[in-house]
Amino acid sequence: MHLISLVELPTINASRLDRLPEKLLDGSILIGQRILIALIIFIVGRYVIKLINRLVRHLLERGTIDSGVQSFLRSLVNITLTVLLVVSVIGALGINTTSFAALLASAGVAIGMALSGNLQNVAGGIVILLFKPYKVGDNIEAQGNEGTVKEILLFHTIIQTVDLRTIYIPNGQMSTSVVINRSKSDIRQVQWIVSIEYGNNIAHAKEVIQACLDAESRLIRVPTTDAGERLEPFFIGVTNLNTSSVDLTVRAYVKSADYWGDVSSKMNEALYAALTADPALNIPFPTETVHIVKDN
């Protein structure tokens, strides 16, 4: 008969079980304190960030800094303060910020590779602010869109079109593509195409057009470039012999501020009225000659 040896079960320390609720309570209180402190830091931090942003905006507006630089700096300050607040809240929760910083750096490398386009936008924004191809308030044409620059932010340039659409264009594209700035010069050229019939007197047509130009007071009589070079105030010349018309190109200059007015529209109306009222001039219409061949 074999003897079965019984394995002695480990004894449970009753005192440890008695202290377990106390430890759980202490741990809960500690976690609650950390969460409460982190919440207070977050609320106070958000309030302080708002105050600092308001102070920065006030200081920038008091200076002579360009509006685009102001919006860029405000965006940069807000993002930097928000990151510092997040790190402070994480530290208040008891997470080792050193390890978190190392993790954040590693994540930053990975995110930087994934978001290389956004980093390019930041670099593009810096280039725009340094070299100033355009500024807030300028009328520009870029990426197939034309409008007025409203803000230059950290990642985007915001423009508003004539039909009141708000368009966000990445700064990376704005710094590397063609941008037409229509506000760089104080004056802008306006052009009209006037067509008359073959057989009409071109010299007489020029006289009629010149009278319309003389009647428009918003056209500049002595236009000059930014360098002081004097330009011809008006140009009227035959630029195309079309299939059914003789096309005359008319050019004049207006102030950039008046370009978006009704100068072009009013001149079109004046030219049409003058041409139709003159019996010696005719507005051409497309014509087509059809030859009918009869079989014998």
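- In this structure, I169 is a member of the same hydrophobic cluster as F155, with clusters built from ILVMFWY side-chain heavy atoms closer than 4.5 Å.
- By the salt bridge (charged side-chain N to carboxylate O under 4.0 Å, His left out) test, E269 pairs with no residue at all, sequence neighbours left out.
- One hydrophobic cluster holds both F131 and V136 under the rule that ILVMFWY side chains link at heavy-atom gaps under 4.5 Å.
- Both L130 and V179 belong to a common hydrophobic cluster when Ile, Leu, Val, Met, Phe, Trp and Tyr are linked at side-chain heavy-atom distances under 4.5 angstrom.
- For the residue pair R74 and V56, the shortest heavy atom distance occurs at CG-CG1, 4.5 Å.
- A 4.5 Å side-chain heavy-atom check between Y272 and I283 finds at least one atom pair inside the cut-off.
- Between L153 and E151, the shortest heavy-atom contact is CD2-OE2, 3.7 Å.
- With sequence neighbours excluded, no residue forms a side chain to side chain donor-acceptor pair (under 3.5 Å) with Q33.
- Side-chain contact between L55 and L51: absent, with no pair of heavy atoms (C-beta onward) separated by less than 4.5 Å.
- L84 contributes atom CG, which lies 12.0 Å from atom CD1 of I79 (distance to the nearest 0.5 angstrom).
- Side-chain contact between V250 and Q191 is absent, with no heavy-atom pair separated by less than 4.5 Å.
- A side chain to side chain donor-acceptor pair (under 3.5 Å) check over residues 47-57, counting only residues at least two apart or in different chains, returns the pairs N53-N78.
- Residues satisfying the side chain to side chain donor-acceptor pair (under 3.5 Å) test with E216, not counting sequence neighbours, are R218.
- Using a 4.5 Å heavy-atom cutoff, the side chains of T148 and I159 are not in contact.
- Two residues are said to be in side-chain contact when any heavy atoms from C-beta on lie closer than 4.5 Å; L85 and I49 meet this criterion.
- Judged by distance alone, the side chain of R221 and the main-chain N or O of L219 form a donor-acceptor pair under 3.5 Å.
- In this structure, W192 contributes its side chain and R251 its backbone to no donor-acceptor pair below 3.5 Å.
- A274 and C212 get closest at one heavy-atom pair: CB-SG, 3.6 Å.
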In residues 199-208, what donor-acceptor pairs under 3.5 Å come from side-chain atoms, sequence neighbours left out?
unit_1 : atom_1 : unit_2 : atom_2 : d
N200   : OD1    : E197   : N      : 3.3
N200   : OD1    : N282   : N      : 3.0
N201   : OD1    : A203   : N      : 2.9
N201   : OD1    : H204   : N      : 3.0
H204   : NE2    : D278   : OD1    : 3.3
H204   : NE2    : D278   : OD2    : 2.6

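- Follow the hydrophobic side-chain contacts under 4.5 Å out from M267 and you never reach I193; the two are in separate clusters.
- At a threshold of 4.5 Å between non-hydrogen side-chain atoms, the residues Y134 and M174 count as touching.
- Contact record, R46 with T82: NH1-OG1, 4.0 Å, taken as the closest heavy-atom pair.
- Side-chain heavy atoms closer than 4.5 Å link hydrophobic residues (I, L, V, M, F, W, Y) into clusters, and following such links, even through other members, never connects I187 to L213.
- Among residue pairs with one or both ends in residues 158-167, those qualifying as salt bridge (charged side-chain N to carboxylate O under 4.0 Å, His left out) are D163-R165; sequence neighbours excluded.
- Every side chain to side chain donor-acceptor pair (under 3.5 Å) that D214 has, sequence neighbours left out, goes to Q210.
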Would you mind writing out the side-chain donor-acceptor pairs for residues 229-244 within the sub-3.5 Å range, not counting sequence neighbours?
unit_1 : atom_1 : unit_2 : atom_2 : d
T239   : OG1    : T249   : OG1    : 2.5
N240   : ND2    : D247   : OD2    : 3.2
N242   : ND2    : D247   : OD2    : 3.4

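- The two residues N121 and G172 have their closest heavy-atom pair at OD1-N, 3.0 Å.
- V190 has its side chain out of reach of Y253: every pair of non-hydrogen atoms, C-beta onward, lies at least 4.5 Å apart.
- Here the CG atom belonging to N181 is positioned 7.0 Å from the CD1 atom belonging to I140, to the nearest 0.5 angstrom.
- Applying the side chain to side chain donor-acceptor pair (under 3.5 Å) test to pairs two or more places apart or on separate chains, those with a residue in residues 168-178 are Q143-S177, T157-N171.
- Qualifying side chain to side chain contact (heavy atoms under 4.5 Å, CB included) partners for S88, counting only residues two or more places apart in sequence or in other chains: I41.
- With rounding to the nearest 0.5 angstrom, the OG atom of S195 is 9.5 Å from the CG atom of L275.
- Rounding to the nearest 0.5 Å gives a distance of 11.5 Å between CG of N268 and NZ of K266.
- Of the possible donor and acceptor atoms, one in the side chain of S183 sits under 3.5 Å from a partner among the backbone N and O of N139.
- Looking at R182 and E146, their side chains come closer than 4.5 Å, going by heavy atoms from C-beta outward.
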